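What follows is a single structure, written as structure tokens, with notes after it.
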4 protein chains.
Amino acid sequence: MTIAERKAREKKRKRNTILEAAEKLFAKEGYHTTTMDNVAEATDFSKGTIYLYFKNKDDLFFTILDERLDTHIRELKERLSKTIDLKETIVELVTEQLTFFEKHHYFFRLTIAEQCKIEKTPGSDLRQHFLKKQMTFLMMIEEALSSRMSAGKQYPFSARSLALCLMGSTHAHMMNWLMSRGQQDLQKSRDEIIQLILNRIEV
Amino acid sequence: MTIAERKAREKKRKRNTILEAAEKLFAKEGYHTTTMDNVAEATDFSKGTIYLYFKNKDDLFFTILDERLDTHIRELKERLSKTIDLKETIVELVTEQLTFFEKHHYFFRLTIAEQCKIEKTPGSDLRQHFLKKQMTFLMMIEEALSSRMSAGKQYPFSARSLALCLMGSTHAHMMNWLMSRGQQDLQKSRDEIIQLILNRIEV
Amino acid sequence: MTIAERKAREKKRKRNTILEAAEKLFAKEGYHTTTMDNVAEATDFSKGTIYLYFKNKDDLFFTILDERLDTHIRELKERLSKTIDLKETIVELVTEQLTFFEKHHYFFRLTIAEQCKIEKTPGSDLRQHFLKKQMTFLMMIEEALSSRMSAGKQYPFSARSLALCLMGSTHAHMMNWLMSRGQQDLQKSRDEIIQLILNRIEV
Amino acid sequence: MTIAERKAREKKRKRNTILEAAEKLFAKEGYHTTTMDNVAEATDFSKGTIYLYFKNKDDLFFTILDERLDTHIRELKERLSKTIDLKETIVELVTEQLTFFEKHHYFFRLTIAEQCKIEKTPGSDLRQHFLKKQMTFLMMIEEALSSRMSAGKQYPFSARSLALCLMGSTHAHMMNWLMSRGQQDLQKSRDEIIQLILNRIEV
DNA sequence: TATGAATGAGCGTTCATTCAT
DNA sequence: TATGAATGAACGCTCATTCAT
């Protein structure tokens, strides 16, 4: 049915409009400061309409995080599947992170901010679900690195530590980039990170 | 005036009581989820009294961040003042960061979370002030590293990039430590980070 | 026009589908708790369609009450038309009430609940209309009783008071029946009410 | 402490102001139609203030019902404690009901309306609590009657049925009184009900 | 200085109603 | 006739802030 298809596509399109507007707002202002009114205004829908597409504010919020993380995971997986040795893997990892976050820097901010809230209160199921997925993401990276670390060699650091340093370094550069309002060259950041990690610092 | 001094000291003490209780709450629950009622309860002062010491919630919040960052800067400065070469500097930097954040992990969370909200809307002056101080902090580190980078050598990365990688790496390990609820060994994290940055990775 | 007739009948049938589903919902959940969405779901019509048959929620609600009360009145009238003396009339009255309400206990709840809201604000015209019809119903019963009260005898109560006692007693038994979720014997209730009203209580 | 006492009394007074205003509104308009704004307006408190005295709308609503029913029960108990034979008991019962409801006719409406909502959904704990208390009330009356029914005599009705008829009859007369906006004589209603129940209707 | 009762703007959410298709 | 997406007013409730005591 072309007519049903068209409707479904239209619905998807509208849903995406909301997601994108909301992502921007949440990233700029934070979860609590962003109101559903704000989202409605930003989308040219009325407030009630938002609730036709998302059950509530939490649902909207975590859907954003979740779907973005999914594509992030997918893209990274694909990229890493082509690498063989550790060096390549590190290069691809850093590159992918910076590329993805440059494109989705709204998501970047959200995801970092969300990590900080390690409250005891379990929060909604949606939140739990997202945190779990994030852990999985980290473990995926750890494993990718681990499998490329030569069995014969002795490394003075664990795969997890390497993963954390790589992610932390890219995050810090991203943050710096955001602070400078995008005036810095992320390509250069990439090279510097890679150099730093892969080559001995002459002390 | 001994009597005036005593009063002043007493006032300072009470102010600190509030700051400490509030820091804990803000870090555990986040800025918005923490209410002034919560703070009042946690301090055994009444809600009205909090307002005698802090102009409003924002003032309370950023005073916490600000004063903590001050001591962080002071301690780091002192530690770095004793280092001479780059290696030493890096070691001390990483050590100080992890030590300080382990002790003040409440502050750690707050400060990271706050960085993420890069609104165009300037926010309160307090916020602006804090962000500026954070930038200063980063520049201080950058300078400390820069001054120890031998003039004669060629580094394939800038001092800023090195600063970012170091901070990012420690942050990531801190986050990981928080996620595991403090079950990991931060001392080991320190060593791994230093190894990773200072020694060539055999690829 | 057979075709027009068929259409008209079809329309009536659909209208009734809605009325019955709505009656059940309103009685179970109450007026405010029942949403037009609920009604739509229960009828397999879409929400918009409901509005083709009823001007608004109030119209739907009071149409239910009104039409049920009409049949109640009609049935009672018919039954009472066959009675001659007071005793018979009382018996038939109680019997009819219990029979009807047992069958239409949804209506029973609604009608009682509605009586309680005696606002000064006139409410919708529909509400006024229904309340008036209810008054008429009461007067009809009063008259039926009055006309059977022997002109020669002195009664220590008015026909209205008798009417109120009879209706109140049946209502109370109905309520009791509903509370026990239909586990009590309404036939027995009928006999007891009649005994109570018609025979002297030996004190 | 006179000062603490005064405060406590003042608080109680204000609480009562709210309860009375709310009772009136709920009775006139019904639970759902009455808004917390309405209550606030009617009390000259602000909306927020209402929430200092009652946890939420439900709490406010059922507190009204509950406290009124408590005094109703207490007063009835006291009155019935002085009666010996069945006749007296019936007289006192009817008298108490009409007297109490005349004074608290707002409560009367509320309590009847509430009985009608016998939804499956259990509702709040408060609701459950109130319904249970109402059942207890009915059983108390049943027992009072039962204990005065001579062991030696045969009654063609149960104590419960008698209780239901008495309460239903008074309720019906109350409703009639409310409909006529208090223009009827409740004293006369009382006599008629008693005559009707206690003397044989000459048929 | 310390209190805590009072405020009221603002939030997330619901739902009767409309209207283009 | 039938649909269901869209609306927006209105609700219950929260909480930062004030102020009389």
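Just so it is clear, the structure is predicted and the values come from calculations on it, not from any experiment. Lettering of chains follows the sequences in order, A, B, ..., and the numbering in each one begins at 1.
Distance CD1 (C:Ile18) to P (F:dT1): 12 Å, rounded to an integer number of Å. One interatomic measurement links the two molecules: CD of D:Glu41 to C1' of F:dG12, which rounds to 15 Å at whole-angstrom precision. Separating the CG atom of A:Asp44 from the P atom of F:dA6 is a distance of 13 Å, rounded to the nearest angstrom. Rounded to whole Å, atom C1' of E:dG12 lies 16 Å from atom CZ of A:Phe61. Here F:dA5 presents its C1' atom at 17 Å from CZ of A:Arg6, a figure rounded to the nearest Å. Going from atom CZ of C:Phe54 over to atom C1' of F:dT1 covers 16 Å, rounded to whole Å. In this structure, A:Glu10 atom CD and F:dG4 atom P are separated by 16 Å, rounded to whole Å. Between B:Arg15 atom CZ and E:dA2 atom P the separation is 14 Å, expressed in whole Å.
Searching all strands for a Watson-Crick or G-U wobble partner of E:dT21 with both distances below 3.5 Å returns F:dA2. Pair assignment for F:dG8 gives E:dC15, based on Watson-Crick or G-U wobble hydrogen-bonding distances that are each under 3.5 Å.
Environment of NZ in C:Lys7: sparse, with no more than 12 heavy atoms of neighbouring residues, nucleotides or ligands closer than 6.0 Å.
Side-chain contact between D:Phe62 and D:His129: absent, with no pair of heavy atoms (C-beta onward) separated by less than 4.5 Å. With contacts defined as side-chain heavy-atom distances shorter than 4.5 Å, the pair A:Ile112/A:Phe108 qualifies. Within the 4.5 Å cutoff, side-chain heavy atoms of C:Tyr31 are placed close to those of C:Lys57.
Under 3.5 Å, the side chains of C:Thr63 and C:Asp66 contain no donor-acceptor pair of N or O atoms.
For the pair B:Phe45 and A:Asn38, nearest-nucleotide mapping onto DNA chain E gives the more 5' position to B:Phe45. Nearest-nucleotide positions on DNA chain E place B:Lys11 closer to the 5' end than the other of D:Lys14 and B:Lys11.
Between B:Thr111 and B:Leu65, the shortest heavy-atom distance links the atoms N-CD2, 4.3 Å.
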The contact string for nucleotides 14-21 of chain E, one letter per nucleotide 5' to 3', using protein heavy atoms under 4.0 Å with B, S and - for base, sugar-phosphate only and none, comes out as BSSBB---
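Of the residues D:Thr35, D:Asp37, D:Asn38, the one that meets the side chain to side chain contact (heavy atoms under 4.5 Å, CB included) test with D:Lys47 is D:Asp37.
Using a 4.0 Å heavy-atom cutoff across all strands shown, B:Tyr53 reaches sugar-phosphate atoms only and no base atom.
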